[in-house]
Amino acid sequence: MKVLSYLGIGVFVALFVVFVFLGVYGRNYKRGDLKKMDEWSIGGRHFSVWVVWFLVGADLYTAYTFIAIPSSVFAVGSIYFYAVPYVALTFGIAMWAMPKLWKISKEKGYVTGADFIKGYSKSRLLAVLVAIVGIVAELPYIALQIVGMLSVLTVMFHGISNITIVTDLALILSFVILAAFTFMNGLRGATFTAIFKDAIILLSVAIVVIIVVAHSDLSAAFTTLSGNTKYFHVLPIDFNAYWSLFLMSALALYLYPHAITGSLSAKNRKVLRTSQSLLPLYGVGLAFLALFGIMVYSNSSAMTFLGTFASASRGTYVVPALILYTLPSWLAGFAFLGIFIGGLVPASIMAISQANLLTSNIVKEFKPDLNPARETIIAKIASVVFIFIAVGFIFLFPLTYSVQLQLLGGIIILQTLPALFLGLVTNKLYKHSLSAGLIVGLGFAIYFMEVANHFSTWKTTLIATNSELGPFFIGLFALIANLIVVGIGTLVYRYVSKGSELAPKKAETSATAQVK
Amino acid sequence: MKKTSLIVLVSVLTLIPFVGLLIVPGYSKTSPEIGGLPFFYWYQILWLFLATILFGSAAVIWNRSEEGD
């Protein structure tokens with residue numbers, strides 16, 4: 001069985017040290033007062049155009065891209081290629097929604113989506129609900145990033161002891177590194193290192209894709225899978241599952257607090273729009289990484305390596321295994337670092353946006369006189385606590401199906417769509433119906449998850465329908481339930497308030513008349 | 001350009017990739033293959049390029065029509 005050579009490990013460790021050093025140095029980059037929360041969270045908005053572009057692009061090459069999608073394509077088939085149309089379309093939605101949110105936020109000084117909601121709806125309840133939902137939705141997404149970090153370490157430590165010990169060690173190390181990195185750096189560090197991270201990642205993707213594709217026999221892989229149609233295209237029964245997966249994911253991405261934070265840190269609205277419109281191109285690397293889940297079938301030594309893991313976790317090691325068996329060890333060490341920090345930086349950014357929501361939209365809501373120094377301490381400690389809670393989500397689904405963690409986060413965050421995105425278009429929706437819709441949507445989401453998984457261990461986010469329509473992504477149904485409540489609630493409110501609005505007006509006229 | 005026709009143009013440019021990718025039954029098939037890659041896969045990869053061009057044009061047109069930043 002092949003292991004990463006000392007040279008490969010040396011490259012990994014040396015570059016990681018440089019990376020951490022840059023994170024520490026990054027705190028001095030355009031120095032601001034780090035004790036102030038908005039400085040710590042979105043870097044005081046000093047970032048230049050390119051830094052913003054890297055920050056947004058950095059969100060795309062994460063454990064989702066490197067580990068979760070190839071894993072699911074490997075284990076299940078082409079339905080998990082949904083990640084490609086998702087990436088193609090999400091930026092089309094972003095370029096409409098985010099510049100508008102940016103403009104309003106700039107005028108009013110908003111830092112989070114919940115700030116915006118509180119501003120237009122005048123509902124503290126709705127803003128606090130959206131903040132809580134944002135925090136919860138990030139948890140499984142962070143868990144997925146930790147899965148990415150731990151799968152790289154597991155492959156690096158493979159063979160030094162039995163697999164259980166190696167996996168536990170990898171998990172503990174991933175957690176400690178992530179927590180320390182987040183606590184020490186804040187987004188300023190994470191963003192500054194994102195430039196270095198993106199350089200490493202884009203290089204890794206290019207090198208890995210070119211070398212693995214050159215060494216793989218795609219036709220042979222498909223021949224191995226011939227007769228297994230679900231690896232060639234989506235089966236007719238899954239058509240509705242496919243479009244609902246990618247369309248809902250595309251709608252969900254820019255509702256996440258970390259994505260909003262990233263967009264709001266742009267300097268200029270037009271640059272934000274242009275850079276977002278050009279991001280689908282980033283998806284090409286993702287498409288090839290997804291295809292690794294198929295190419296690996298033609299690499300017998302990588303398949304033997306994967307055979308040493310139980311099928312419940314095997315898929316997560318597809319990309320690391322292909323790297324280990326096709327790249328020279330020093331390059332493999334480099335690419336492993338790319339995947340590792342591709343989990344670390346996004347997880348850190350997500351935890352910081354959770355902490356930011358907690359302090360500015362929940363704690364301050366009840367204790368407005370919180371002093372800035374204390375606020376920063378609460379945020380720093382909270383970010384580590386959130387990372388710790390996220391670890392608990394890791395084993396919610398078998399590791400091979402860790403993409404479900406991202407989909408679960410998507411189902412949850414989608415319930416904030418009416419309050420956030422519809423709030424950009426209209427302020428005529430009744431605020432309490434938005435709150436009610438959000439709660440009903442979440443209730444339906446949990447209920448559908450339970451039904452879809454037969455009230456047992458969660459394995460899927462697709463729910464079967466009793467017809468030839470086949471399964472659908474649960475996020476779609478939960479969102480529809482949410483929107484129905486918002487619609488009916490608003491109509492009822494308008495009908496009722498029309499009646500009551502007339503009454504005081506009459507009283508007013510008569511009062512004026514009396515004065516006359 | 002008039003404001004309404006501008007909105008229509010930008011909307012259409014944005015919507016084309018959605019249509020191209022939402023017609024799942026239209027592209028969920030194996031042939032024609034390119035270099036051993038089934039149609040299903042390369043069709044969607046092609047849309048990554050097309051979406052970049054279409055969204056990019058929409059963004060540029062939109063930005064030019066607006067004043068300020």
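Here is the naming used below: chain letters follow the sequence lines, and residue numbers restart at 1 for every chain. Heavy atoms only: backbone and side chains are in, while hydrogens, waters and symmetry mates are out.
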Under 4.5 Å heavy-atom distance to chain A, tell me which part of [X] shows up: side chain, backbone, both or neither.
X      : result
Y41(B) : both
L54(B) : neither
S11(B) : both

Residue, of [options], that accumulates the most heavy atom pairs under 4.5 Å with chain A:
options                        : result
P17(B), P25(B), G35(B), A51(B) : P25(B)
G56(B), S57(B), A58(B)         : G56(B)
Y27(B), W47(B), F18(B)         : F18(B)

Hey, is CD on E468(A) packed in by over 12 heavy atoms from elsewhere, all under 6.0 Å?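 It does not: E468(A) CD has 12 such atoms or fewer within range.
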Are more than 12 heavy atoms, taken from residues, nucleotides or ligands other than K230(A), located less than 6.0 Å from that residue's NZ atom?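 More than 12 within 6.0 Å, yes.
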Could you tell me which of [options] has the largest number of non-hydrogen atom pairs under 4.5 Å with chain B?
options                          : answer
G283(A), A220(A), A290(A)        : G283(A)
S219(A), P99(A), A88(A)          : A88(A)
V87(A), L247(A), I93(A), L291(A) : L291(A)

Tell me, side chain or backbone of [X] under 4.5 Å from chain B's heavy atoms, or both, or neither?
X       : value
F288(A) : neither
P236(A) : neither
I294(A) : side chain

Atom [atom1] in [X], atom [atom2] in [Y]: separation rounded to 0.5 Å?
X       : Y       : atom1 : atom2 : value
F49(B)  : L281(A) : CZ    : CG    : 6.0 Å
E33(B)  : F232(A) : CD    : CZ    : 7.5 Å
L286(A) : I45(B)  : CG    : CD1   : 9.5 Å
T14(B)  : M95(A)  : OG1   : CE    : 3.5 Å
L279(A) : T52(B)  : CG    : OG1   : 8.5 Å

S277(A): partners by side-chain hydrogen bond (donor to acceptor under 3.5 Å, both in side chains), with sequence neighbours left out: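 Listed in chain order: nothing, the list is empty.
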Is there a donor-acceptor contact under 3.5 Å from the side chain of S28(B) to the main chain of H233(A)?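 No, because the side chain of S28(B) does not come within donor-acceptor range (under 3.5 Å) of the backbone of H233(A).
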Using modelled atom types and a 3.5 Å cut-off, is there a donor and acceptor pairing between side-chain atoms of K270(A) and backbone atoms of E66(B)?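 Yes, because the side chain of K270(A) sits within donor-acceptor range (under 3.5 Å) of the backbone of E66(B).
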For T274(A) and N63(B), which heavy atoms make the closest approach, and how far apart are they?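 Closest heavy-atom pair between T274(A) and N63(B): OG1-ND2, 2.9 Å.
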Should L22(B) and F246(A) count as side-chain neighbours, where that means a heavy-atom distance under 4.5 Å?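 Yes, at least one pair of side-chain atoms sits under 4.5 Å.
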With a 4.5 Å heavy-atom cut-off, do L21(B) and V84(A) have their side chains touching?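 When only atoms from C-beta onward are counted, V84(A) and L21(B) do not touch, as no gap falls below 4.5 Å.
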Among residues 208-216 of chain A, which residues come closer than 4.5 Å to chain B, judged by heavy atom distances?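 At a heavy-atom separation under 4.5 Å, chain B is reached by no residue of residues 208-216 of chain A.
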Parallel, tilted or perpendicular: which describes the rings of F81(A) and F40(B), with under 30° parallel and over 60° perpendicular?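 Taking F40(B) first and then F81(A), their aromatic rings sit tilted (interplane angle of 30° to 60°).
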